[in-house]
Number of protein chains: 2
Amino acid sequence: MYVTIMRQKKTSPANNVTVLERLRTAGLRPTRQRLALAKLMFARGHRHVSAEQLFNEAKSSRVDVSLATVYNALHDFTAKGLLREISIDSSSSYFDTNTGSHHHFYFERSGHLEDIAAERVNIASLPEAPGGAEISRVDVIIRVKA
Amino acid sequence: MYVTIMRQKKTSPANNVTVLERLRTAGLRPTRQRLALAKLMFARGHRHVSAEQLFNEAKSSRVDVSLATVYNALHDFTAKGLLREISIDSSSSYFDTNTGSHHHFYFERSGHLEDIAAERVNIASLPEAPGGAEISRVDVIIRVKA
DNA sequence: TCTATCATTAGAATTGTTCTAAACTGCTTG
DNA sequence: CAAGCAGTTTAGAACAATTCTAATGATAGA
Ligand SMILES: [Mn+2]
Ligand SMILES: [Mn+2]
Ligand SMILES: [Zn+2]
Ligand SMILES: [Zn+2]
């Protein structure tokens, strides 16, 4: 048997390569599941996605992964700096494909998050952390009644 | 039977009156449970308390309330503006006795929250909310590696 | 190709929180 | 000071997000 039939959904080769390289560079084995999930996450622009959402997208795309794998992948990606985890509404957490410095609008009615470029928030001064502790990041969340 | 024996833990009358008035003013019936919980919450300075924490404090103080009542009270207090709910770590939410405008240090290791007076954070400029939506509040969270 | 290591999985378990529906209590009215 | 109703409390069940378990499967280096 020398023929392998490829029946995977077609995606742009460039996209494939990019995602594969991103995983390898991050030190993550590019398994079938992680590749598929990473493609779903990173294909379109920046997003704020919950585990449940990604799990459903996977199902819709006929990517057969378990929910545990979705959580594992999201946490692994986060640990390697490919994603950032955000908890605003304590009901569930979002994974942000935008890992650069930025802030958020939070639409209270819908629970939706929208990025704010770092430059659009001008912080003139901040207090120093108690005991000179290191600041790991500053999050600004603008809660909007909408 | 004309004698009612009072075996409640003694608290300063002033404190009692204050808490009772706060509940009444807020439009909340000052029930035995709410009074006890409000006293625990507001007795010492500003705090960030989880439902579980308050439930345990109640037990320690021999205040016999159910966990459902703790949740009900915390949410009722929040709805009436006596508390403010904060969700940073998605594992559970905190209730903040400081309802004025202020910000927070978040100690990532311990999960502890510490207030920052509003004046200590100087925001020079903020973007307008999309569609001119009303901003309900701006939260600044300084995450500290400690 | 072999194999150690790492990843995936189904389903059970855990945890914070909410729901249910019955018992109870604060408050107003007569 | 009843009576009675709306608002409250409660035990425990139910829920939903997430994590764990332990067995199976895949990856990558030798
Ligand atoms: Mn998480
Ligand atoms: Mn809540
Ligand atoms: Zn974002
Ligand atoms: Zn606070």
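In the text below, chain A, chain B and the rest are named by the order of the sequence lines, each starting its count at 1.
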Phosphate oxygens OP1/OP2 of [N]: is one of them under 4.0 Å from a side-chain N or O of [X]?
{"X": "A/Gln33", "N": "D/dG25", "answer": "no"}
{"X": "A/Ser91", "N": "D/dA16", "answer": "no"}
{"X": "A/His75", "N": "D/dT18", "answer": "no"}
{"X": "A/Arg24", "N": "D/dA28", "answer": "yes"}
{"X": "B/Ser93", "N": "C/dT17", "answer": "yes"}

What is the distance, rounded to the nearest whole Å, between atom [atom1] of [X] and atom [atom2] of [N]?
{"X": "A/Leu23", "N": "C/dT8", "atom1": "CG", "atom2": "P", "result": "10 Å"}
{"X": "B/Arg32", "N": "D/dT10", "atom1": "CZ", "atom2": "C1'", "result": "13 Å"}
{"X": "B/Phe55", "N": "C/dT18", "atom1": "CZ", "atom2": "P", "result": "15 Å"}
{"X": "B/Ile88", "N": "C/dG16", "atom1": "CD1", "atom2": "C1'", "result": "17 Å"}
{"X": "A/Arg34", "N": "D/dA28", "atom1": "CZ", "atom2": "C1'", "result": "13 Å"}
{"X": "B/Asp64", "N": "D/dA11", "atom1": "CG", "atom2": "C1'", "result": "12 Å"}
{"X": "B/Leu54", "N": "C/dT17", "atom1": "CG", "atom2": "P", "result": "12 Å"}
{"X": "A/Leu35", "N": "C/dA7", "atom1": "CG", "atom2": "P", "result": "13 Å"}

Taking the nucleotide of DNA chain C with the nearest heavy atom to each, does B/Ala51 or B/Leu28 sit closer to the 5' end?
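This one resolves to B/Ala51.
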Out of curiosity, B/Leu74 CG to B/Met41 CE, how far, rounded to the nearest 0.5 Å?
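With rounding to 0.5 Å, CG (B/Leu74) is 5.5 Å from CE (B/Met41).
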What distance do B/Ile141 atom CD1 and B/Phe105 atom CZ have between them, rounded to the nearest 0.5 Å?
12.5 Å
For A/Arg47, enumerate each residue passing the salt bridge (charged side-chain N to carboxylate O under 4.0 Å, His left out) test, keeping only those at least two apart in sequence or located in another chain.
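So A/Arg47 forms a salt bridge (charged side-chain N to carboxylate O under 4.0 Å, His left out) with A/Glu57.
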With the side chain counted from C-beta on, respond yes when B/Asp89 and B/Tyr106 share a heavy-atom pair under 4.5 Å apart, and no when they do not.
yes
Report, one pair per line, the protein and nucleotides 3-5 of chain D atoms (nitrogen or oxygen only) whose separation is under 3.5 Å.
none

For residues 44-68 of chain B, pull every pair meeting ring pair (Phe, Tyr, Trp, His ring centres under 6.0 Å), keeping only residues two or more places apart or in separate chains.
B/His48-B/His104
Mutual orientation of the aromatic rings belonging to A/His75 and A/Phe95 [parallel < 30°, tilted 30-60°, perpendicular > 60°]:
perpendicular
Assess whether atom CG of B/Asp64 is packed by more than 12 heavy atoms of other residues, nucleotides or ligands within 6.0 Å.
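Open: at most 12 neighbouring heavy atoms sit under 6.0 Å from CG of B/Asp64.
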Residue from B/Lys145, B/Arg143, B/Glu108 passing side-chain hydrogen bond (donor to acceptor under 3.5 Å, both in side chains) with A/Ser136:
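Of the listed options, the one satisfying the test is B/Glu108.
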To 10°, what angle do the rotation axes through the five end pairs on each side of the helix from C/dT1-D/dA30 to C/dG30-D/dC1 form?
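It works out to 30° between the end axes.
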Of all of residues 65-73 of chain A, which get a heavy atom below 4.0 angstrom from DNA chain D, listed by number?
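Contacts with DNA chain D under 4.0 Å: A/Leu67, A/Ala68, A/Tyr71.
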Choosing from D/dT18, C/dC27, C/dA7, which nucleotide comes nearest the side chain of A/Ser92?
D/dT18
Which part of the nucleic acid does B/Asp76 contact within heavy-atom distance under 4.0 Å: base, sugar-phosphate only, or nothing?
nothing
Is A/Asp89 touching bases, backbone alone, or none of the nucleic acid, heavy atoms closer than 4.0 Å?
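Counting heavy atoms under 4.0 Å across all strands, no contact is made by A/Asp89.
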Any donor-acceptor N/O pair, B/Thr99 side chain to B/Leu83 backbone, under 3.5 Å:
no
Between A/Arg84 and A/Gly100 (side chain of the first, backbone of the second, donor and acceptor by atom type, cut-off under 3.5 Å), is there such a pair?
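Side chain of A/Arg84 to backbone of A/Gly100: a pair is present.
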Could you work out, with side-chain hydrogen bond (donor to acceptor under 3.5 Å, both in side chains) as the rule, every residue matching A/Arg34, not counting sequence neighbours?
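Listed in chain order: A/Asp76.
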Taking every non-hydrogen atom, the tightest pair across B/Ile123 and B/Val140
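It is CD1-CG2, 4.0 Å.
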